[in-house]
Amino acid sequence: MNKAVLLDRDGVLNRERGDYTFLIEDFEILPDVFEALKLLQKEGYLLVIISNQSGIGRGLFKVEDTEKMHGYLLDELKKHGIRIEEIYYCVHHPETGSCLCRKPDSLNVEKALARFNIDPILSYFIGDKERDVLAGEKVGVKGILIDSNASLVEAIQPCLNR
């Protein structure tokens, strides 16, 4: 089985602006993300992004906007030798209905675990909201709660000291 670090997007990989981020010009990768993700890969972790994108469900932006931004993120990471296995995201908004893929529910985490044969005991979910940690912990993945826009290098220390 594989070990993985599951990552929230906004506030962990890119700057949390306090508003929906769906345009590339508003998308700022945080300063030490490349260094942190390289360290995790070197330790043998698969990297998976799991994000709530409820602005789609609210009609504020489209799936195509999110896909374009994710393409940009993946291209920038690839330039630094970083591979993201997959990006799972929920398009639903809690006001328009309930779903199992929106964190703190765990469907997207479960999909990642099954698809990539990930051992939850050896894995972590890093997020800047309690719902991120809860989504992982529901299926046995240890959560690491960080402040929005905090140093990812500091956040990954438990993963490296295992």
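- To the nearest 0.5 angstrom, H70 atom NE2 is 4.0 Å from R9 atom CZ.
- Under the 4.5 Å side-chain criterion, counting only non-hydrogen atoms from C-beta, N117 is in contact with M1.
- In this structure, NZ on K3 lies 12.5 Å from CD1 on I118, to the nearest 0.5 angstrom.
- I50 contributes atom CD1, which lies 6.0 Å from atom CG of N108 (distance to the nearest 0.5 angstrom).
- The cluster map of Ile, Leu, Val, Met, Phe, Trp and Tyr, joined by side-chain heavy atoms under 4.5 Å apart, puts L134 and L100 in different clusters.
- Using a 4.5 Å heavy-atom cutoff, the side chains of L74 and I87 are in contact.
- Judged purely by atom type and a 3.5 angstrom limit, D26 has no side-chain atom pairing as donor or acceptor with the backbone of T21.
- A salt bridge is absent between K129 and D8; no separation between the charged side-chain nitrogens and carboxylate oxygens falls under 4.0 Å.
- Ring orientation note: the planes of H80 and F34 are close to parallel, at an angle under 30° on the 30°/60° scale.
- Salt bridge annotation for K79-E76: present, with a cationic side-chain nitrogen under 4.0 angstrom from a carboxylate oxygen.
- To the nearest 0.5 Å, atoms CG (L73) and CD1 (I82) are separated by 9.5 Å.
- Nearest heavy atom pair, residue S106 against residue V139, reads OG-CG1, 3.7 Å.
- Within a 6.0 Å sphere centred on CG of D147, heavy atoms belonging to other residues, nucleotides or ligands number 12 at most.
- Looking at Y45, its side chain never comes within 3.5 Å of a backbone N or O of Y124 through a donor-acceptor pair.
- Between C159 and L40, the shortest heavy-atom distance links the atoms CB-CD2, 3.8 Å.
- Linking Ile, Leu, Val, Met, Phe, Trp and Tyr whenever their side-chain heavy atoms come within less than 4.5 Å puts Y88 and F125 in one cluster.
- Here the side chain of S123 pairs a donor or acceptor atom with the backbone of A4 at under 3.5 angstrom.
- Contact between V12 and V33 at its shortest, heavy atoms only, is O-CG2, 3.8 Å.
- Contact check for E35 versus L152: no side-chain heavy atoms found under the 4.5 Å cut-off.
- Scanning all heavy atoms of the two residues, the minimum distance from E154 to P158 falls at O-CD, 4.4 Å.
- When every heavy atom of L39 is checked against every heavy atom of L160, the shortest pair comes out as O-CD2, 4.1 Å.
- One hydrophobic cluster, built from ILVMFWY side chains closer than 4.5 Å, holds both V5 and L37.
- The minimum heavy-atom distance between F61 and G55, with the atom names listed, is CE2-CA, 3.4 Å.
- Within the structure, side-chain hydrogen bond (donor to acceptor under 3.5 Å, both in side chains) contacts touching residues 131-145 (residues at least two apart or in different chains) are K103-D132, D105-K138.
- Taken together through direct or relayed side-chain contacts under 4.5 Å among Ile, Leu, Val, Met, Phe, Trp and Tyr, L30 and I24 form part of one hydrophobic cluster.
- Rounded to the nearest 0.5 Å, atoms CG (D128) and CG (L145) are 7.5 Å apart.
- Under the ring pair (Phe, Tyr, Trp, His ring centres under 6.0 Å) criterion, no residue pair touches residues 100-122, with sequence neighbours excluded.
- The distance from the CD1 atom of I126 to the CD1 atom of I144 is 4.5 Å, given to the nearest 0.5 Å.
- Panel note: side chain Q41, backbone R83; a donor-acceptor pair is recorded below 3.5 Å.
- Checking side-chain atoms of D32 against main-chain N and O of V153 turns up a donor-acceptor pair under 3.5 Å.
- Residue F22 is grouped with residue Y89 when hydrophobic side chains (ILVMFWY) are merged at heavy-atom distances under 4.5 angstrom, including chains of intermediate members.
- Residues L47 and L77 are not in side-chain contact: their nearest non-hydrogen atoms beyond the backbone lie 4.5 Å or more apart.
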